[in-house]
Amino acid sequence: MPAPNRRSQNFLLNALPEEVWERLVPGLECVALSAGQVVYASGAPVHDAYFPTSSIFSMHCLLENGSTAQVAMVGRDGMVGLSLFLGAERSMSQISVQTAGQAFRLPAHVLHEEFGRGGALMQVLLRYTQFFINQMVQSAACNQHGTIEQRLCRWLLLSLDRLPGGELSMTHESIANALSVRREGISEAAARLQRQGAIHYHRGHIDVVDRPALERGACECYRMEKSGMDRIQFGPPARGDPESAQDLKTRPASP
């Protein structure tokens with residue numbers, strides 16, 4: 001069945017003028033993504049770009065000992081596949097699905113063609129790239145200087161900002177892997193936040209009860225990243241109803 005058009009749920013697609021959107025539509029697929037699905041393996045060729053609408057992607061740096069460290073996350077604020085227009089043919093990191101949901105998938109050749117026009121898409125993606133680099137810088141600073149509780153608050157807030165609701169489906173072990181800390185440390189920090197009334201945790205589901213409390217608990221890194229995310233929303237969509245462009249079908253995304 002045709003899926004509802006979710007252009008407006010991705011900040012970057014939402015920023016494009018109608019004529020650019022019309023050129024991209026024939027190549028766009030609305031795909032369903034499952035948690036843990038690897039879309040780019042480290043060192044593998046990159047064939048498609050992803051514009052999340054209700055999913056969140058996680059970028060991991062793989063170390064020789066087999067451990068990983070999350071360096072960035074991408075949700076409805078951005079795009080996965082920056083290497084496609086930065087001159088790299090292969091992914092330098094592993095990118096997997098942190099939170100299940102949907103995304104628009106766009107073949108590399110379609111992105112290259114529109115980016116090569118030097119118009120609105122190029123401007124939007126370059127602006128987002130600057131934000132993305134700043135996000136990685138802030139992550140490095142937070143991992144170096146923040147406490148586990150501060151880092152957990154920041155991670156929860158950044159995840160919430162990329163989702164339409166106030167609930168997260170993540171285990172303590174998954175969060176510990178994302179933050180490269182021991183599971184016990186996450187459990188202790190989450191228990192303190194629950195006692196404070198900031199969150200409610202039950203069987204892999206985290207409900208944010210008091211967002212201002214989480215914001216007070218996070219370090220300054222979150223406020224700087226949130227400010228950057230607000231700036232890339234670019235305001236309302238271009239003139240015209242995107243649903244009139246073309247129905248897009250939802251299908252499972254192949255690994």
Sequence neighbours excluded, which residues qualify as side chain to side chain contact (heavy atoms under 4.5 Å, CB included) partners of Ser174?
-> Met170, Thr171
ILVMFWY network linking Val209 to Leu152, side-chain heavy atoms under 4.5 angstrom | no
Check side chain to side chain contact (heavy atoms under 4.5 Å, CB included) between Ala213 and all other residues, then give those that pass, not counting sequence neighbours.
-> Ala198, Asp210, Arg216
Taking only residues two or more places apart in sequence, or in another chain, which ones meet Ser42 in a side-chain hydrogen bond (donor to acceptor under 3.5 Å, both in side chains)?
-> none
Residues two or more places apart in sequence or in another chain: which of them pass side-chain hydrogen bond (donor to acceptor under 3.5 Å, both in side chains) with Arg154?
-> Ser139, Glu225
Glu173 and Arg183 ion-paired at < 4.0 Å | no
Residue pairs, two or more places apart or on separate chains, that pass salt bridge (Lys or Arg N to Asp or Glu O under 4.0 Å) and touch residues 32-43 = none
If you round to the nearest 0.5 Å, how far is CD of Gln123 from CG of Leu121?
-> 9.5 Å
Which pairs count as ring pair (Phe, Tyr, Trp, His ring centres under 6.0 Å) when at least one residue sits in residues 167-208, sequence neighbours excluded?
-> His172-Tyr201
Taking everything shown except Glu184 itself, do over 12 heavy atoms lie less than 6.0 Å from its CD?
-> yes
Pairs where residues 107-118 contributes a residue and the test side chain to side chain donor-acceptor pair (under 3.5 Å) is met, not counting sequence neighbours = Arg23-Glu114, Glu114-Arg117
Step by step, would you call Phe132 with Arg127 a side-chain contact (heavy atoms from CB on, under 4.5 Å)?
-> CA-CA 9 Å; Phe132 188 79; Arg127 187 173 176 181; over 6 Å; no
Is the backbone N or O of Gln9 less than 3.5 Å from a side-chain atom of Thr53, with the two atoms forming a donor-acceptor pair by type?
-> no
Residue set satisfying salt bridge (Lys or Arg N to Asp or Glu O under 4.0 Å) with Glu19, at least two apart, ordered chain then number -> none
Got a sec, which residues hit side chain to side chain contact (heavy atoms under 4.5 Å, CB included) with Met92, two or more places apart in sequence or on another chain?
-> none
Val46: side chain to side chain contact (heavy atoms under 4.5 Å, CB included) partners, not counting sequence neighbours | Tyr40, Ser83, Leu84, Ser91
Does a donor on one side chain sit under 3.5 Å from an acceptor on the other, for Asn10 and Tyr50?
-> no
With sequence neighbours excluded, tell me which residues meet side-chain hydrogen bond (donor to acceptor under 3.5 Å, both in side chains) with Arg90.
-> none
Qualifying residues under side-chain hydrogen bond (donor to acceptor under 3.5 Å, both in side chains), relative to Glu215, sequence neighbours excluded = Arg211
